[in-house]
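These notes are about the structure you will find just below.
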Amino acid sequence: MKILKAKDYSDLSRKAANLISAQILMKPHCVLGLATGSTPIGTYKQLVDAYNQGDLDFSEVTTVNLDEYKGLPKENDQSYYYFMNDHLFSKVNIDKSRTFLPDGTEEDSDKACRQYNDIIHSLGGVDLQLLGLGHNGHIGFNEPGTAFEKETHCVTLSERTIKANMRFFVSENDVPRQAYTMGIKTIMSAHKIVVVVSGADKADIVKEAFFGPVTPQVPASILQLHNDVTVVADEAALSKCTELI
Ligand code: F6R
């Protein structure tokens with residue numbers, strides 16, 4: 001596991017975008033695994049800037065996102081599709097028919113998850129997976145206690161995650177209670193993984209996840225066993241591991 005120390009959030013965003021740009025330049029028809037949440041927003045902005053400057057071409061890129069709320073259609077402004085379209089897809093020359101997320105409108109969970117697994121397998125897997133890190137160590141919507149061997153599955157969100165996501169909704173009651181998410185097995189199958197983490201409020205979980213024991217109680221800890229993970233974190237997020245890196 002490589003740790004890239006960034007000075008601050010904008011430096012982190014630039015470093016993470018550089019890793020993604022390198023992937024696209026090396027393999028223009030790559031499959032990118034993408035994440036939502038607040039941390040990657042700066043990374044997407046950097047990618048859009050690079051595209052606008054003529055340095056990046058998304059025309060052959062395919063994307064698969066980590067997760068989507070169950071029950072939210074693409075048009076809902078809190079859906080993860082809407083987020084991706086807003087921050088990246090609508091701003092670059094990507095072919096929208098090659099941007100995949102789990103189908104939040106599919107009520108049959110088994111069917112939705114099977115279809116999404118089939119898409120990922122038919123693409124031949126993910127070249128580079130971008131991840132954020134939840135305060136409880138979740139990656140995607142894989143909450144503490146999730147079995148490591150799961151592929152795409154339906155999850156019931158923990159109270160803490162519902163509260164953390166509440167900031168994006170009018171009220172807590174509007175936050176969907178379930179989501180479809182790539183499983184840890186799917187995430188671990190990516191050839192390369194880039195984790196972006198920012199802020200002092202993530203310092204404890206960074207130490208626990210990347211320097212503590214590997215346990216399903218801290219889902220991100222499994223990343224220690226992947227052979228190509230780069231954690232791009234700012235000084236605040238790394239403030240509790242200074243003696244370890
Ligand atoms: C997003 C996702 C989540 C977030 C995590 C961190 O698609 O799957 O696991 O990456 O909750 O979110 P932020 O970046 O908002 O702290």
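For the numbers below, each heavy atom of this structure counts, side chains included, while hydrogens, waters and symmetry mates do not.
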Same cluster or not: are [X] and [Y] linked, directly or through other Ile, Leu, Val, Met, Phe, Trp or Tyr residues, by side-chain heavy atoms under 4.5 angstrom apart?
X      : Y      : value
Leu19  : Val61  : yes
Leu130 : Ile120 : no
Leu157 : Leu66  : no
Phe141 : Met84  : yes
Phe100 : Tyr82  : no

Ignoring hydrogens, what is the shortest heavy-atom contact between [X] and [Y]? Give both atom names and the distance.
X      : Y      : result
Val197 : Leu12  : O-CD1, 3.1 Å
His87  : Val48  : O-CG2, 3.6 Å
Ala35  : Phe83  : O-CE2, 4.3 Å
Thr242 : Ser239 : OG1-O, 3.9 Å
Leu133 : Ala220 : CD1-CB, 3.4 Å
Glu68  : Tyr80  : OE1-N, 2.9 Å

Determine whether a donor-acceptor pair (N or O, by modelled atom type, separation under 3.5 Å) exists between the side chain of [X] and the backbone of [Y].
X      : Y      : answer
His226 : Ala190 : yes
Tyr116 : Tyr180 : no
Asn142 : Met182 : yes
Lys7   : Glu235 : no
Asp234 : Ala6   : no
Arg98  : Glu60  : yes

Answer yes or no: is there a side-chain heavy-atom contact under 4.5 Å between [X] and [Y]?
X      : Y      : result
Pro216 : Thr146 : no
Thr36  : Phe168 : no
Val194 : Leu128 : yes
Asp174 : Ser171 : yes
Leu34  : Leu88  : yes
Val206 : Leu238 : yes
Phe58  : Tyr51  : yes
Val229 : Phe210 : no

So for atom NZ, which belongs to Lys27, do other residues, nucleotides or ligands contribute more than 12 heavy atoms lying within a distance under 6.0 Å?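 Check passes, neighbour count above 12.
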Surrounding OH of Tyr9 (heavy atoms of other residues, nucleotides or ligands, distance under 6.0 Å), is the total greater than 12?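 It does: Tyr9 OH has more than 12 such atoms within range.
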Check this for me: does any side-chain nitrogen of one of Asp49 and Lys45 sit under 4.0 Å from a carboxylate oxygen of the other?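 Salt bridge: yes.
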Is a salt bridge present between Lys163 and Glu172, judged by a nitrogen-to-oxygen distance below 4.0 Å?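 Result for this pair is yes, salt bridge flagged.
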For Val92 and Leu47, run side-chain contact (heavy atoms from CB on, under 4.5 Å): C-alpha distance rounded to whole Å, both residues' side-chain angles, the deciding distance at 0.1 Å, then the answer. CA-CA 9 Å; Val92 297; Leu47 291 173; 5.9 Å; no
Pair [X]-[Y], side-chain donor/acceptor within less than 3.5 Å:
X      : Y      : value
Asn85  : Ser90  : no
His135 : Asp204 : no
Glu151 : His121 : yes
Ser59  : Asp57  : yes

Would you say the ring centroid of Phe89 lies under 6.0 angstrom from that of Tyr44?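 Between Tyr44 and Phe89, which both carry aromatic rings, the centre distance is not below 6.0 Å.
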Quickly, which of Ile222, Leu131, Thr181 forms a side-chain contact (heavy atoms from CB on, under 4.5 Å) with Ile187? Name it, please.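 Looking at Ile222, Leu131, Thr181, the match for Ile187 under the side-chain contact (heavy atoms from CB on, under 4.5 Å) is Leu131.
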How far apart are the C-alpha atoms of Arg114 and Asp118, what are their side-chain angles, what is the distance that settles it, and do they pass the salt bridge (charged side-chain N to carboxylate O under 4.0 Å, His left out) test? CA-CA 6 Å; Arg114 202 172 45 246; Asp118 288 348; 5.4 Å; no
Measure up the Tyr69 and Phe169 rings against each other and bin them: parallel (under 30°), tilted (30 to 60°), perpendicular (over 60°).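 Rings of Tyr69 and Phe169: perpendicular, as their planes differ by over 60°.
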